[in-house]
Protein chains: 2
Amino acid sequence: MIYEPNQCPIRFGLGVFGDHWSLLIIRDMMFRGHTRFQDFLDAGEGISTNVLSDRLSRLEAQQIISRQKDPSNGRQVIYELTDKGKDLLPIMLTIFAWAEKYDPKTRVSKELAERIRTDLFGARDEILATIKQSI
Amino acid sequence: MIYEPNQCPIRFGLGVFGDHWSLLIIRDMMFRGHTRFQDFLDAGEGISTNVLSDRLSRLEAQQIISRQKDPSNGRQVIYELTDKGKDLLPIMLTIFAWAEKYDPKTRVSKELAERIRTDLFGARDEILATIKQSI
DNA sequence: TATATTGCTTGCGATTTGCAAGTGATGTTA
DNA sequence: TAACATCACTTGCAAATCGCAAGCAATATA
């Protein structure tokens, strides 16, 4: 595994969601079905309009989301996750499972968290050791 | 970085790694075995000393890493991942798999990426549909 | 035609960042 | 033991980014 700056998957990921807002926008699209500018503003996170506008542009440029006019209402724009965006689900799920384990306030289905953990958390140290040797 | 206690796991995660540098520091500890201040500076990412200092403090405060003086060299400090920090591995791995799929430059073992994907990516739309109903 | 809604953009002060230059504690060398 | 080097920071400051409020153009509704 090579970690040249531009060959690093973590850096690539950070380029997409390495800021305070992008992951929240993706979460709202993924789990809350948000599709419009106003939806994100109303989500209660306190994002400002200029930053929201900027993040939506970036996410569109990175093909995480698509942007199209609502044919039935010319004022509205519909934002939707692309396949690339939907494929961020496993990342979301592992964050769910981790938060469920360490944040007493987080409310995630224990069933879901358990499923994810048995898939990946269980072999943590093993996997870590294996990976380190291949770097 | 803002952390407002919520019941959302994504917000909880963002409180830990929702900035440009924290995940890179964790990556360096997890996969490159970095333990010292200078290690992170030399990693070639261009983090500045004041920001590095700040992020190490925050990560320690959040119990993602531990901080102790090197008993064999009083000038040096040893930073290490806690269990809470090591448990971020699945999040790292899912980022790996996602980047391997979408970033042509990312170099990750295809075997590893495939394993992660078959565990979690395969049932993406199914899982998404199930989760949406429960949120 | 007048007004409301929607998705932005603009202006500006406040916060955060990157960069360079310290600083103090500790270790090494002559 | 005196001089110097190393290490983990801290400080000061200009520049970038951010939050907030206001404004704007296009479209819809009354």
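A quick note: this is a predicted structure, and the numbers were derived from the prediction, not measured. Quick note: numbers below take in every heavy atom, side chains included, and nothing from hydrogens, waters or symmetry partners.
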>> Can you see if the side chain of W21(B) gets near the phosphate of dG18(C) - specifically, an N or O under 4.0 Å from OP1 or OP2?
In response: yes
> To the side chain of R36(A), which of dA8(D), dC19(C), dG7(C) is closest?
Replying inline: dG7(C)
>> I want to check one thing: is the phosphate of dT9(C), taken as OP1 and OP2, less than 4.0 Å away from some side-chain N or O of S53(A)?
In response: yes
> Residues in salt bridge (charged side-chain N to carboxylate O under 4.0 Å, His left out) with K69(B), at least two apart?
Replying inline: none
>> Each nucleotide in nucleotides 24-30 of chain D should get exactly one letter: B, S or -. Can you fill that in based on protein heavy atoms under 4.0 Å?
In response: ---BS--
> Considering residues at least two apart in sequence or located in another chain, which fulfil the side-chain hydrogen bond (donor to acceptor under 3.5 Å, both in side chains) criterion with E100(B)?
Replying inline: K110(B), R117(B)
>> How many whole angstroms separate atom CD1 of I65(A) from atom P of dG7(C)?
In response: 13 Å
>> List the residues meeting salt bridge (charged side-chain N to carboxylate O under 4.0 Å, His left out) with D54(B), not counting sequence neighbours, and say none if there are none.
In response: R58(B)
> For R55(A) and dC18(D), is the shortest distance between a side-chain N/O and OP1 or OP2 below 4.0 Å?
Replying inline: yes
>> With a 3.5 Å cut-off and heavy atoms only, can you find an N or O donor on one side and an acceptor on the other between the side chain of T49(B) and the base of dT10(D)?
In response: yes
> Taking the side chain of F37(B) as its heavy atoms from C-beta onward, which of dG7(C), dA8(D), dG11(C) lies nearest to it?
Replying inline: dA8(D)
> Step by step, would you call E80(A) with K86(A) a salt bridge (charged side-chain N to carboxylate O under 4.0 Å, His left out)?
Replying inline: CA-CA 10 Å; E80(A) 284 178 323; K86(A) 288 178 187 168; over 6 Å; no
> Where the side chain of Q76(B) is defined as all heavy atoms beyond and including C-beta, which of dG7(C), dA22(D), dA8(D) is the nearest nucleotide?
Replying inline: dA8(D)
>> The criterion is side-chain hydrogen bond (donor to acceptor under 3.5 Å, both in side chains); which residues satisfy it with D28(B), sequence neighbours excluded?
In response: R32(B)
> Residues two or more places apart in sequence or in another chain: which of them pass side-chain hydrogen bond (donor to acceptor under 3.5 Å, both in side chains) with S66(A)?
Replying inline: none
